[in-house]
There are 2 protein chains.
Amino acid sequence: MSGITYQRIQTEVLHRIRARVWRPGDLIPSEVALAAEFGCARATVNRALRELAETGILERRRKAGTRVSPDPVHKATFDIAVIRREIEALGGVYRHAILQKAHVLAPSFIQALMKLDIHAETLHIRTLHLSNDQPYLYEDRWINMAAVPGIRSADFSRVSVNEWLVQNAPLSGGEITFLAKNADEAEAEALDTTVGKALFVTERLTRIKQVSVTFVRLAYAPGYRMTTRL
Amino acid sequence: MSGITYQRIQTEVLHRIRARVWRPGDLIPSEVALAAEFGCARATVNRALRELAETGILERRRKAGTRVSPDPVHKATFDIAVIRREIEALGGVYRHAILQKAHVLAPSFIQALMKLDIHAETLHIRTLHLSNDQPYLYEDRWINMAAVPGIRSADFSRVSVNEWLVQNAPLSGGEITFLAKNADEAEAEALDTTVGKALFVTERLTRIKQVSVTFVRLAYAPGYRMTTRL
DNA sequence: CAAGTTAATATGTGCAGACATAATAATGTT
DNA sequence: AACATTATTATGTCTGCACATATTAACTTG
């Protein structure tokens, strides 16, 4: 084997971009040309360039060729783990407490968000997740009962709703939103802080085949930071 | 050609997981076995499974085999674009105003964050980005002069610092952090809101080869939401 | 039995060749 | 000149095949 790896090619390409040999907007040589230069198969060059294109560093189009992205759109990736794992990964002891659990007809704003009809039955659960017995996260969740039949018989004293859904309704699609919000009274009380304090909030809408399964709002305790490498 | 694509295999695998044929934690058949079943080359199966593993749905280890992730860590990716493009993508007309620009010795908290030595010279710039003449984003940036020599001669009246750096110091690594923060006086004034209002903030530390280039704090106007698909 | 060695196995990656497909460039036609 | 048609080209993907590598299982050996 020639010893040329696709990773070797990737670092070489990155070097040339950094050294401004190939500048943002420039067209770079074709796969065939690069394969000849590096003395490897085209498939190897293809994989190298394809992966760089996935990160947004390169832009590729058939026939047009490969160019360095004019303004590279960095893609920041965040791991959205089960909350228990998130807490345990930070070295905390996980515990959760259910503050409220009620079967109710969906209020209108939830109907609109989840696109439910007027008579839709939902399970409304408010949970406090604790790390080392300190409030960590306040969860406000609405579940569309029609979409998850087995949920009536589930026992949430041991496994959190969060985990039950991951195990029993895997691989669902949806959207996630990050935002900042001043704490209201319920949030302030649960998270042991004051009304008005800025909270980092994530809202998630989960679907299985176009049908909304659950809407969650997670309000993190003050001071929370969500970090990732670029 | 058999017509079996790697994407076809991916959707089939996803179906089996959703249908709970293969459940979280289960070991799935080997690449060779799947290639035989689908009547395609192992390379095709390999690409299908490798990509699913990158998204966190599968876990793979040599010899041990491929298994469905026990608690799948969803990976949410956010596009971090140049601010002008972000605003224009939302249909706004972009404009920016430089509120402050000063060459200063790095204050101690910046020294610590960027790991600069005591005599390090920095450029401190505060910029307001506007969409349709409405305050959109307040930017507070520190640049390590030593790391970006050409910056002295740059003209920031036409191109924002943001864009200049992307064009002239491409492909740098670093970290990005999301957090919520109560608006202080400077932020409230710039963004035309009240002190204490919850702001969505992103902080970015950018490096080229271990050397810190710039530290930016971006405070978005109230109401900002950052959304992505799962 | 414990510890070290060897074999077996699933994934990881490379190669050469082929055809598919999208987009551009060249060409011909009215 | 405007438009439709036809090459050309770079990427996209699949096929078999080979060897690399990590890791587990099986097999020695003291």
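Sequence lines set the chain letters: A, B, ... in the order given, protein chains first and strands last, and positions in each chain run from 1. Keep in mind it's a predicted model, so treat the numbers as computed, not measured.
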> Could you give the CZ-to-P distance, from A/Arg61 to C/dA20, as a whole number of Å?
Replying inline: 23 Å

> In whole Å, what is the span from the CG atom of A/Leu27 to the P atom of D/dT9?
Replying inline: 15 Å

> Has the side chain of A/Arg42 got a donor or acceptor that lies under 3.5 Å from a partner of the other kind on the base of D/dT13?
Replying inline: yes

> B/Lys63 NZ to D/dA20 P: how many Å, rounded?
Replying inline: 19 Å

> If you check every side-chain atom of B/Thr5, which of D/dT15, C/dG14, D/dC14 has the closest atom?
Replying inline: D/dC14

> Reckon A/Thr44 has a side-chain N or O less than 4.0 Å from the OP1 or OP2 of C/dT13?
Replying inline: no

> D/dG12 P sits how many Å from A/Leu49 CG, rounded?
Replying inline: 9 Å

>> Taking only side-chain N and O atoms of A/Gln7, does any of them lie within less than 4.0 angstrom of OP1 or OP2 on C/dT13?
In response: yes

> Which nucleotide sits closest to the side chain of A/Ser30: D/dT11, C/dC15, D/dT13?
Replying inline: D/dT11

> Starting at CD1 of B/Ile9 and ending at P of D/dT13, how long is that distance when rounded to a whole Å?
Replying inline: 13 Å

>> When you measure from the side chain of B/Asn132 to the backbone of B/Gln134, do you find a donor-acceptor pair of N or O atoms at a distance under 3.5 Å?
In response: no

> Quick one: is A/Arg62 getting a side-chain N or O under 4.0 Å of the C/dA20 phosphate, OP1 or OP2?
Replying inline: no

> For B/Ala43, which contact category applies under a 4.0 Å heavy-atom criterion: base, sugar-phosphate, or nothing?
Replying inline: base

> For the pair made of CD in A/Glu31 and P in C/dA18, what is the distance, rounded to whole Å?
Replying inline: 17 Å

> Within the pair B/Thr66 and C/dA10, is there a side-chain N or O less than 4.0 Å away from OP1 or OP2?
Replying inline: no

> Can a side chain N or O of A/Tyr6 be found less than 4.0 Å away from OP1 or OP2 on C/dT13?
Replying inline: yes

> Over how many whole Å does the gap from B/Ile28 atom CD1 to C/dT11 atom C1' extend?
Replying inline: 12 Å

> When the ring planes of A/Phe78 and A/Phe178 are compared, do they come out parallel, tilted or perpendicular, using 30° and 60° as the limits?
Replying inline: perpendicular

>> Per the salt bridge (charged side-chain N to carboxylate O under 4.0 Å, His left out) rule, what does the pair list look like for residues 127-141 of chain B, sequence neighbours excluded?
In response: B/Arg95-B/Asp133, B/Glu139-B/Arg141

>> Taking only side-chain N and O atoms of A/Arg47, does any of them lie within less than 4.0 angstrom of OP1 or OP2 on C/dT13?
In response: yes

> Can B/Tyr138 and B/Arg126 be counted as having a side-chain donor-acceptor contact under 3.5 angstrom?
Replying inline: yes

>> Quick check on C/dG12: is either OP1 or OP2 less than 4.0 Å from any side-chain nitrogen or oxygen of B/Arg60?
In response: yes

> Taking CG from A/Asn46 and P from D/dC14, how many angstroms apart are they, rounded to a whole number?
Replying inline: 11 Å

> Partners of A/Tyr6 by ring-ring contact (aromatic ring centres under 6.0 Å, His included), sequence neighbours excluded?
Replying inline: none

